[in-house]
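Report on the structure given below.
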2 protein chains.
Amino acid sequence: MNERKETKAAQIARTLAERIVSGMLEPGARLRQDHVAEEFGASHVPVREAFRLLEAQGLAKNEPRRGVRVAAFDLNQVREVAEMRAALEVLALRNASQHLTPAILAAAEEATLEGDRARDVTAWETANRRFHRILLTPCGMPRLLAAIDDLHAASARFLFSAWRSNWETRTDRDHRAILEHLRRGEVDAAAAVLARHVQWIGRKPVETASGKRREAFVIEG
Amino acid sequence: MNERKETKAAQIARTLAERIVSGMLEPGARLRQDHVAEEFGASHVPVREAFRLLEAQGLAKNEPRRGVRVAAFDLNQVREVAEMRAALEVLALRNASQHLTPAILAAAEEATLEGDRARDVTAWETANRRFHRILLTPCGMPRLLAAIDDLHAASARFLFSAWRSNWETRTDRDHRAILEHLRRGEVDAAAAVLARHVQWIGRKPVETASGKRREAFVIEG
DNA sequence: ATCAACATAATTATCTATAATTTAAAGGAG
DNA sequence: CTCCTTTAAATTATAGATAATTATGTTGAT
C-alpha cells in the first residue's frame, strides 16, 4: 500500500531538480535550508542531503560555509554539456548496437512519434529523453547511463530557458536518420549523426513576452 | 588560525575515499554510520552527507533503507570506466590542445619522470594522475574535469587491488609518445594514443599473499 | 562631513543529541 | 520444518545548540 520507498531527501531533491530544470528557480538563486525545510514540512537534515544530491547532478553548487546556490548555466557550460553528451552517447550507442532488436527500434520510433505529437516543450523533452534512453540502455553500462542522465537534465534546463515562451512542433529528422542507419546495421553512421545531433548548437530568433525579438541560443537533441 | 575551511563531512568523505581506493575497505563492505561517526568523533549527520559524496563519485552505493556499501568493482565496471575515460579524456585533450604551451608540456614531462622514479604503486599513481591533469586542465571545462577525476579514482581503485603485492617500476612509453605528438602539433595522433593508453586492459600474473599465482586484470594509464 | 576600520548583532550553515520507523534476525507455536 | 510474533540493530527524521559568515552600526581619523 504504502509506496513511500523513496526517502524524504530524495523527494525534496527530485522536486527541487524539477524546479531548477524548468527554470522556476533561476541560476544563482540561493537555496536556504530552513526555508526549504519549512516548505516541505521537514527538518533541515534531509534538506542538506537533498542539496548534496543536486550538487552531484551539477544542478546546484555549494560553497563550504556560505550556502548553496542554483548552478549558473552560461553558454560555455551549455557547450561543455553538449560535447560531453556527444562523447558519452556515442560510446553508449556503440556498446548498445550489438543488443538492439527490431522491437527496441520500434519503441524508439514510437518515442519519436510521441515527440512529433507534443504540443509543449515539456512533452517534447520527455519524448526526446525517452528516445535516447531506449536506444542507449541496452549498452548495459549503468555508470555511463547515469552520467548521461545527469547531462540530459542539464540540457533540458537550457532547453526550457531558451524555449520557454515560443515553442513550435517540428519533426525530428535526426532521430529518424539514426533509426534508419541502425536498421541497416550502419553503426558508425548512426553514431556520427547522434554526435552531430547532440552537439548542434545554433542561434534562433526568439520572441519575448514584450514582443521584442532577440537572439537566443538553442540546443537540440 | 583555524584552517578548517573544509567541512567535517568532506573530511570524512575524503578519508573514506582513500580507504576505498587503496583497498583497505573491500567491495561490498558495509559502511555503518554509527561506527564511522564514532571513529571520527562526530555525529552521524555529517557521516550521512559524506556517504552521499562517495555515492556521487561512484565509490559507494546506497540502498534506501538498507544501508550503504562500498561499491562493487567487477571486470565489467573496470572496462566501463576505462571506456568512459577514453571518451572524456580525448575530448578534454582536444579542447586543451589549443592552450598547451611548452611550459605545460615540460611540466607533464616532469610528471612522467616522477612516475619513473616512483618506488611504489601509490607514488606512481599520484604522478600518473598529475600527468593527465596537467595536460587536460587547460581545456577549461570544469564539469568535464570533475567527471574525469572521479573516473581516475575508480581506476586507481582497481590499480591498487591488482598490484597491491607485486609492483615493478617501469617507464611509460605512452606518456612520452603523447607528449611527442603534442609537441609536433599532431593532436589527432596524441588523442589516439591517449585513447588506447587509457583503454588498455591486459592480464598479468599476480602473486597473492599465499604464494599462489593467479590471473588478475590490469589496467594502466 | 565622509570614509574607513572595528566591533556588535542577526542570519545561516553546521553539528550534536535524541526520538521514531524500518529492516533484519531470533525465538516460539503450529 | 514453516510461519508468525517478538526483539534487536541500524537507518531516517526532529529538535536544539554551536560556530561561522554577512550585515549593521558605531567610533575615530582625515
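No experiment lies behind these values; they were computed from the predicted model shown. In what follows, chains carry the letters A, B, and so on, assigned in the order in which the sequence lines appear, proteins first and then strands, with residues in each chain numbered from 1.
Listed nucleotides: D:dT21, C:dT16, D:dT14. Nearest to the side chain of A:Ser43: D:dT14. The side chain of A:Arg65 approaches D:dT21 more closely than any other nucleotide in the set D:dT21, C:dT16, C:dT23. Of the candidate nucleotides D:dA10, D:dA13, C:dT16, D:dA10 has the atom lying nearest to any side-chain atom of B:Arg32. The nucleotide whose nearest atom lies closest to any side-chain atom of B:His35 is, among C:dC15, D:dT14, D:dA10, D:dA10.
A donor-acceptor pair shorter than 3.5 Å cannot be found between the side chains of A:Thr7 and B:Arg65.
The pair A:Arg52-B:Glu49 counts as a salt bridge, with a side-chain nitrogen and a carboxylate oxygen less than 4.0 angstrom apart. Between A:Arg117 and A:Glu110 there is a salt bridge, with a side-chain nitrogen of the basic residue lying less than 4.0 Å from a carboxylate oxygen of the acidic one.
Judged by closest nucleotide on DNA chain D, A:Ala9 is the one of A:Arg30 and A:Ala9 placed further toward the 5' end.
Regarding A:Lys8, its NZ atom lies at a distance of 14 Å from the C1' atom of C:dT22, rounded to whole Å. Rounded to whole angstrom, the span from the CZ atom of B:Phe51 across to the C1' atom of D:dT11 amounts to 11 Å. Distance CG (B:Asp34) to P (C:dT22): 18 Å, rounded to an integer number of Å. At whole-Å resolution of the value, CD in B:Glu38 and P in C:dC15 are 18 Å apart. Put simply, CD on B:Glu49 is 10 Å from C1' on C:dA13, counting in whole angstrom units. As rounded to whole Å, 15 Å separates atom P of C:dC15 from atom CD of B:Gln33. Atom CZ of A:Arg48 is separated from atom C1' of C:dT16 by 13 Å (rounded to the nearest Å). Between A:Arg52 atom CZ and C:dC15 atom C1' the separation is 12 Å, expressed in whole Å.
With A:Gln33 as the fixed residue, the side-chain hydrogen bond (donor to acceptor under 3.5 Å, both in side chains) test singles out one of A:His44, A:Arg48, A:Glu38: A:Arg48.
Between C:dA13 and B:Thr7, no contact under 4.0 Å exists linking OP1 or OP2 to a side-chain N or O. For the pair B:Arg66 and C:dA24, the criterion of a side-chain N or O lying under 4.0 Å from OP1 or OP2 is met.
Below the 3.5 angstrom threshold, one finds a donor paired with an acceptor across the side chain of B:His44 and the base of D:dA13.
Dense packing is recorded around CD of B:Glu39, with more than 12 heavy atoms of other residues, nucleotides or ligands lying under 6.0 Å away.
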